[in-house]
Amino acid sequence: MMEGRLVFTYGTLKRGFSNHGLLQDMVRTGDAAFVGAARTAGRLPLVCGPYRVPFLLNLPGAGERVSGELYAVSPRALARMDELEGTRKGHYERLPISVVVVDGDGGQEAAEVDAEAYYAHGSYAGELWRRNEETGYKVYSEKEAKGYVKRADRPQDITFLDQIRIFLASPQT
C-alpha cells in the first residue's frame with residue numbers, strides 16, 4: 001500500500017460509478033491505491049439529494065453502517081478529490097471517519113482504521129436527513145443511483161448549492 005491519507009468512498013467515486021475515472025487516473029499516476037472494501041464502524045446516514053447525488057451525513061448513530069471502498073491517496077490526489085467534491089464551495093466537507101476493512105472473500109471484518117470521508121456540508125445536512133424522512137441506505141448501489149444526473153448534464157446557470165436548496169424546498173414525491 002502506498003503512503004498517504006486514507007479516504008473512504010461511498011458513492012460516485014466507487015468502482016462502476018460515474019466519478020470513478022478520477023480515482024483510476026490517480027491510481028495510474030501512483031497518487032492513489034485501492035486498499036479494500038470497507039464499512040463505517042458506526043451508523044451514519046447515507047441519503048440521496050438532487051439528481052440522486054449521494055451524501056453521507058455527519059449524524060453519528062443515525063442511519064446504517066455504510067459500505068464503500070477505501071483508498072490511500074497522495075496530497076495531490078486529495079486536492080483533486082477536494083476539487084471534485086466542492087469542499088471550497090460548501091458542497092461537501094472532508095472529515096474524519098472510522099471504518100472497518102472488510103475481507104473480500106467472506107465479508108469478515110478485519111481491522112478498524114481511521115480515514116477521512118466527504119460528508120454533506122453541515123449547513124444543510126440536517127435538512128437533507130429530514131427531507132429523506134430520516135431513512136438512509138447501507139450502500140449506494142445501481143438501484144440507489146438510478147436517475148443519477150452527471151454534473152455536465154445538470155443546469156449550469158445555478159450553483160450546486162442552489163440546486164440543493166431547491167431540492168430541500170421542493171415537495172417530496
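Everything numeric in this text was worked out from a predicted model, so none of it was measured.
Taken together through direct or relayed side-chain contacts under 4.5 Å among Ile, Leu, Val, Met, Phe, Trp and Tyr, Ile158 and Phe167 form parts of separate hydrophobic clusters. Taking hydrophobic clusters as Ile, Leu, Val, Met, Phe, Trp and Tyr residues chained together by side-chain heavy-atom distances below 4.5 Å, Val7 does not share a cluster with Val139. Each of Ile97 and Val100 belongs to its own hydrophobic cluster when Ile, Leu, Val, Met, Phe, Trp and Tyr are linked at side-chain heavy-atom distances under 4.5 angstrom. Ile166 and Val47 end up in different hydrophobic clusters when Ile, Leu, Val, Met, Phe, Trp and Tyr side chains are linked at under 4.5 Å. Hydrophobic clustering, with ILVMFWY side chains joined whenever heavy atoms are under 4.5 angstrom apart, keeps Val101 apart from Val27.
Closest non-hydrogen pair, Val99 versus Ala115, comes out as CG2-CB, 4.3 Å. In plain terms, the two heavy atoms of Ser98 and Asp114 that are nearest each other are OG-OD1, 3.3 Å. Considering every non-hydrogen atom in both Gly136 and Trp129, the closest pair reads N-CZ3, 3.7 Å. The minimum heavy-atom distance between Phe8 and Ser67, with the atom names listed, is CZ-C, 3.9 Å. Nearest approach of Leu57 to Ala120, heavy atoms of both residues: CD2-CB, 3.5 Å. Contact between Ala117 and Leu56 at its shortest, heavy atoms only, is CB-CD2, 4.2 Å.
Proximity of a side-chain donor or acceptor of Glu134 to a complementary backbone N or O of Gly63 within less than 3.5 Å is not detected. For Lys14 (side chain) and Tyr140 (main-chain N/O), a donor-acceptor pair under 3.5 Å exists by modelled atom type. At least one donor-acceptor pair under 3.5 Å links the side chain of Arg154 to the backbone N or O of Val149. With hydrogens and angles ignored, the 3.5 Å screen pairs no side-chain donor or acceptor of Arg39 with any backbone N or O of Val66. A donor-acceptor pair is defined here as one N or O able to donate and one able to accept, closer than 3.5 Å; such a pair exists between the side chain of Arg52 and the backbone of Glu144. Under a 3.5 Å cut-off, the side chain of His121 and the backbone N or O of His91 do not form any donor-acceptor pair. Side chain of Thr135 to main chain of Glu133: a donor-acceptor pair is present (N/O by atom type, distance under 3.5 Å, no hydrogens or angles). Tyr10 places no side-chain N or O within 3.5 Å of a backbone atom of Thr40 that could act as its donor or acceptor partner. A donor-acceptor pair under 3.5 Å is absent between the side-chain atoms of Arg76 and the main chain of Asp31, judged by distance alone. Within the 3.5 Å criterion, the main-chain N or O of Gly11 finds no donor-acceptor partner in the side chain of Glu69.
Between Cys48 and Val53 there is no side-chain heavy-atom pair separated by less than 4.5 Å. A heavy-atom distance below 4.5 Å is not found between the side chains of Phe160 and Lys89. Using a 4.5 Å heavy-atom threshold, the side chains of Met26 and Met81 count as touching. At a threshold of 4.5 Å between non-hydrogen side-chain atoms, the residues Arg151 and Leu84 count as touching.
A ring-centre distance under 6.0 Å is found for Phe34 and Tyr71.
At a threshold of 4.0 Å, the pair Arg5-Glu116 counts as salt-bridged, since one of the basic side-chain nitrogens sits closer than that to a carboxylate oxygen.
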Take Asp153 and Tyr51 through the side chain to side chain contact (heavy atoms under 4.5 Å, CB included) test and state the conclusion after the steps. CA-CA 10 Å; Asp153 297 330; Tyr51 310 110; over 6 Å; no

Between Glu93 and Thr87, does the side chain to side chain contact (heavy atoms under 4.5 Å, CB included) criterion hold? Intermediate values first, please. CA-CA 5 Å; Glu93 49 192 351; Thr87 58; 5.7 Å; no

Chi angles and distances behind the side chain to side chain contact (heavy atoms under 4.5 Å, CB included) call for Leu13, Glu85: CA-CA 10 Å; Leu13 282 167; Glu85 303 294 4; 3.3 Å; yes

Would Glu64 and Arg43 count as a salt bridge (charged side-chain N to carboxylate O under 4.0 Å, His left out) if you check the C-alpha gap in whole Å, the side-chain angles of each, and the deciding distance to 0.1 Å? CA-CA 4 Å; Glu64 305 285 342; Arg43 294 174 35 205; 5.6 Å; no

Apply side chain to side chain contact (heavy atoms under 4.5 Å, CB included) to the pair Lys150 and Tyr148, showing each step before the final yes or no. CA-CA 7 Å; Lys150 292 180 181 180; Tyr148 174 80; 4.0 Å; yes

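Within the model, atoms CG of Leu78 and CD of Glu83 stand 12.5 Å from one another, a figure rounded to the nearest 0.5 Å.
For Glu142, the CD atom sits in a loose shell: 12 or fewer heavy atoms of surrounding residues, nucleotides or ligands are nearer than 6.0 Å.
Geometric assessment of Arg165 against the ring of Tyr124 yields a negative cation-pi assignment under the 6.0 Å and 45° thresholds.
In the model, Tyr118 has a side-chain atom that pairs as donor or acceptor with a side-chain atom of Asp82 under 3.5 Å.
For Arg28, the salt bridge (charged side-chain N to carboxylate O under 4.0 Å, His left out) partners at least two apart in sequence or on another chain are Asp25.
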